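Read the structure below first, then the notes.
A, B, ... follow the sequence lines: proteins, then strands. Residue 1 opens every chain. Small disclaimer: the values here were computed from a predicted structure and weren't measured.
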Number of protein chains: 2
Amino acid sequence: MENSIKWGRTRDFFAAQLRAAQMNIYSHFTEWFDDTGLSPKQFAVLYVISLNPEVNQRQLANVHSTERAAFGETLARLEEKGLIERKASKTDKRAKVASVTAKGEDVLKRILIGIDEQERAFTANLNDAERHMLLALLLKVNMPHRES
Amino acid sequence: MENSIKWGRTRDFFAAQLRAAQMNIYSHFTEWFDDTGLSPKQFAVLYVISLNPEVNQRQLANVHSTERAAFGETLARLEEKGLIERKASKTDKRAKVASVTAKGEDVLKRILIGIDEQERAFTANLNDAERHMLLALLLKVNMPHRES
DNA sequence: TATTGTTATACTCTATAACTATA
DNA sequence: TATAGTTATAGAGTATAACAATA
C-alpha cells in the first residue's frame with residue numbers, strides 16, 4: 001500500500017528537493033544542537049553579529065535577505081534568550097547596533113566546535129568530492145544572476 | 001560600508017546555503033506562478049494527489065514528511081481555494097481521500113507546462129551538466145542514511 | 001524627503017497534545 | 001488498543017503597510 005505511491009516527476013524538481021534538503025538539515029541541526037535551542041538561521045545571525053558588532057539592523061537584515069520588520073523579530077528572540085544586546089548607534093540615533101553577550105559567545109562557540117561534524121553527518125551519503133561539489137553548486141545557484 | 005561586512009565561514013555552511021537556495025526558489029516559484037497563488041509545497045501536494053487520487057491523508061502526509069495535523073491544514077488551504085475535494089474513504093470510515101477538482105487540474109496543468117522553464121531560469125548560473133549534478137547530489141543527500 | 005526601527009496584521013509552515021470516530 | 005483526522009495551541013519565519021524619530 002505505502003509502496004504503491006506514484007511520485008511522477010517529483011524527484012526531478014529542484015523546488016521539491018531543495019525544500020526537502022532544507023527541512024532535513026533544519027531537523028538535523030536543531031536535534032544536534034538541541035541544548036542551544038537555536039535554529040540554523042538564529043545561529044547564522046548570531047555568528048554574523050559576532051563578526052560585525054558595529055553593524056546596524058538594516059545591514060544585518062540585508063545580509064540575511066530578510067525584511068527589516070521580520071528581522072527585528074528574529075533579533076528580539078535572540079535578545080529574549082540573552083544571547084545578544086541592542087543599543088543605539090553612536091553615529092546615527094535612528095539606528096541600533098547589536099552585540100553578542102558572554103552567554104551568546106558561549107553558545108556560539110559550542111556550535112562552531114561541532115558544526116563541521118554535524119554537517120559531515122548530515123551529508124553522510126556523500127564523499128568529500130561530492131560534498132565540495134554540492135556546496136560549490138549551491139553557492140553558484142545562490143549568486144545573483146540577470147533577470148530573464 | 002555595506003561592503004565591509006565580514007562573512008567568516010558563512011558561505012561554507014550547508015545549513016546556510018540550503019536555506020538561502022530554498023528561500024530563493026520559493027520566491028522565484030511564487031513570482032513565476034503568481035497567478036496560481038500556489039507555493040512549491042502546495043504544488044507538490046496537488047501534483048501527488050493528482051497521481052494518487054485514492055490515497056488517504058496519512059499516506060500523503062508521509063510522502064511530504066509532514067505531521068498529520070499540519071498536513072491537514074495544508075489540504076484545508078487547497079480545499080478553500082477549490083483545488084481539491086476530500087471525501088470519506090469507502091473502505092475505512094476513519095480515513096479521507098483527496099482528489100483534484102477541475103479547477104485544480106487546470107492550475108496544475110499551467111504549472112507543469114512552465115515548471116521546466118522556471119527551474120532552468122532559477123538555475124541560470126549552471127550549465128546542463130551542473131544542473132543534473134546538483135539535482136543528483138540533492139537526491140543523494142536526501143536519501144535516508146544510517147544514524148551515526 | 002528618505003531612512004531606521006517598531007508595531008500591527010496576516011499568512012504559511014511546523015510541531016505536540018488531546019479529542020472523536022472508527023478499526 | 002491502535003489508527004485517521006481534527007482542533008487547540010504554540011512558535012518560527014515571511015511579508016506589507018503605517019508610524020515616530022531622526023537624518
### Query
Whole Å only: how far is the CG atom of B/Asn56 from the C1' atom of D/dT3?
10 Å
### Gap between atoms CD and C1', on A/Glu79 and C/dG5 respectively (whole Å)
13 Å
## Note on the structure
B/Phe29 atom CZ is separated from D/dT14 atom P, nearest whole Å, by 18 Å
### Query
Do the side-chain N or O atoms of A/Gln57 get closer than 4.0 angstrom to the phosphate oxygens (OP1, OP2) of C/dT3?
no
### Task
Kindly write out the residues that satisfy side-chain hydrogen bond (donor to acceptor under 3.5 Å, both in side chains) with B/Ser27, not counting sequence neighbours, or none if the list is empty.
none
### Query
CG of B/Asn62 versus C1' of D/dA4: gap in Å, rounded?
12 Å
### Query
Is a side-chain N or O of A/Thr66 found less than 3.5 angstrom from the main chain of A/Phe71, in a donor-acceptor match?
no
### Query
OP1 or OP2 of C/dT6 less than 4.0 angstrom from a side-chain nitrogen or oxygen of A/Arg86, does that happen here?
yes
### Where protein sits on nucleotides 18-23 of chain C, one letter per nucleotide: B base, S sugar-phosphate only, - none, heavy atoms under 4.0 Å
---BBS
### Query
B/Leu137 and B/Leu139: same hydrophobic cluster, using ILVMFWY side-chain contacts below 4.5 Å?
no
### A/Leu83 side chain reached by A/Val100 side chain, heavy atoms, under 4.5 Å
no
Hey, what are the protein-to-nucleotides 8-15 of chain C N/O distances that come in under 3.5 Å?
from	atom 1	to	atom 2	distance (Å)
C/dC13	OP1	B/Ser39	OG	2.6
C/dC13	OP2	B/Arg77	NH1	2.8
C/dT14	OP1	A/Arg19	NH2	2.4
C/dT14	OP2	A/Arg19	NH2	3.1
C/dT14	OP2	B/Lys41	NZ	2.3

### Check against ring pair (Phe, Tyr, Trp, His ring centres under 6.0 Å), A/Phe13 and B/Phe43
CA-CA 11 Å; A/Phe13 298 142; B/Phe43 158 63; 5.6 Å; yes
### Query
Does the B/Glu119 side chain pair with the main chain of A/Phe14, one donor and one acceptor, at a distance under 3.5 Å?
yes
### Query
Can A/Asp106 and A/Lys103 be counted as an ion pair, charged N to O under 4.0 angstrom?
no
